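Report on the structure given below.
Numbers restart at 1 for each chain; the letters A, B, ... are given by sequence-line order, proteins then strands. Only heavy atoms go into these numbers, but all of them, side chains included; no hydrogens, no water, no symmetry mates. Not measured: the values here are computed from a predicted model.
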Amino acid sequence: DAKTTQPTSMDCAEGRAANLPCNHSTISGNEYVYWYRQIHSQGPQYIIHGLKNNETNEMASLIITEDRKSSTLILPHATLRDTAVYYCIAADNNNDMRFGAGTRLTVKP
Amino acid sequence: GAVVSQHPSWVICKSGTSVKIECRSLDFQATTMFWYRQFPKQSLMLMATSNEGSKATYEQGVEKDKFLINHASLTLSTLTVTSAHPEDSSFYICTPRAPHGETQYFGPGTRLLVL
């Protein structure tokens, strides 16, 4: 799996958009970009994933740069319940996912 | 979406005993399951890959004789922590390998506390 780099922590005001960046400059052509989050004492929760195109679902949007070397997860209207550690993972078909340290997002009232 | 279950959700045991953790893929048949552990304030670390009908493969530093993995069927994998010690106290999480390009879901985790 390609290594990913994320900021250690970020704050966001409740109701505002949270933009979480991720660098994956060594990503290979068959690797997807996955985003998960983990709330304390729970298993990782799937958010979204994509290969080349931008993706959107009911939880978030994923913006992948044209060269695929970085991506941004967007939570359009952050709530207090979005406070969690967010993990960006680049993984291929084997889905052997390697977790980095992630970004601790704190949504503040 | 796909659901992964783990049992038990938490367990407390005495040092020296063995603990079995079950992971079930409820939505699809999984020929492969991945097992992770997570120590407090750390990220998830891959321990081993469980393959149905064959031996598991372990990451460097993970003792295969201590963490016994059995992939009994296409929907069930078990992790047995043998002769558990306090340093084995951790959060154990599994995930079945998803079909190509599909969503990869993780189990809710099993918290093990060894006294």
With rounding to the nearest 0.5 angstrom, report the [atom1] to [atom2] distance, [X] to [Y].
X: B:I93; Y: A:Q42; atom1: CD1; atom2: CD; result: 10.5 Å
X: A:Y46; Y: B:Q104; atom1: OH; atom2: CD; result: 10.5 Å
X: A:M97; Y: B:F106; atom1: CE; atom2: CZ; result: 5.5 Å

Report task. Check B:S43 against A:F99 and note the closest heavy-atom contact, atom names and distance. Result ->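 That would be OG-CB, 3.2 Å.
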Query - Heavy-atom pair with the smallest gap, counting every atom of B:Q38 and A:Y87 - result: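 Answer, listing the atom of B:Q38 first, then A:Y87: NE2-OH, 3.8 Å.
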More than 12 foreign heavy atoms under 6.0 Å from [atom1] of [X]: is that the case here?
X: A:M10; atom1: CE; answer: yes
X: B:K66; atom1: NZ; answer: yes
X: B:H7; atom1: NE2; answer: no

**Report entry** Segment of B:Q6 engaging chain A (4.5 angstrom heavy-atom cut-off)
**Finding:**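 The answer is neither part of B:Q6.
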Report summary line: Bottom line for B:L44: the part with an atom under 4.5 Å from chain A's heavy atoms is both
Identify whether [X] and [Y] are in the same connected component of the hydrophobic contact network (ILVMFWY, side-chain heavy atoms under 4.5 Å).
X: A:I47; Y: A:V85; value: no
X: A:L75; Y: A:I63; value: no
X: B:L79; Y: B:V62; value: yes
X: B:V11; Y: B:I21; value: yes
X: B:L115; Y: B:Y92; value: no

Anything under 3.5 Å between a donor and an acceptor, one on a side chain of residues 100-108 of chain A, the other on a protein residue two or more places apart or in another chain? List them.
from	atom 1	to	atom 2	distance (Å)
A:T103	OG1	A:Q6	NE2	3.4
A:T103	OG1	A:P7	O	2.6
A:K108	NZ	A:D11	OD2	3.1

**Report entry** Backbone N/O of B:Y105 and side chain of A:Y36: donor-acceptor pair under 3.5 Å
**Finding:**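 Between the backbone of B:Y105 and the side chain of A:Y36 there is no qualifying donor-acceptor contact (under 3.5 Å).
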Query - Any donor-acceptor N/O pair, B:Y36 side chain to A:R98 backbone, under 3.5 Å - result: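 No, B:Y36 side chain to A:R98 backbone: no donor-acceptor pair under 3.5 Å.
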Report task. Would you mind checking which part of A:Q45 comes under 4.5 Å of any heavy atom in chain B, side chain (CB onward), backbone (N, CA, C, O), both or neither? Result -> neither
Query - Residues of residues 54-61 of chain B near chain A, each having a heavy atom less than 4.5 Å away - result: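 The list, in residue order, reads B:E59.
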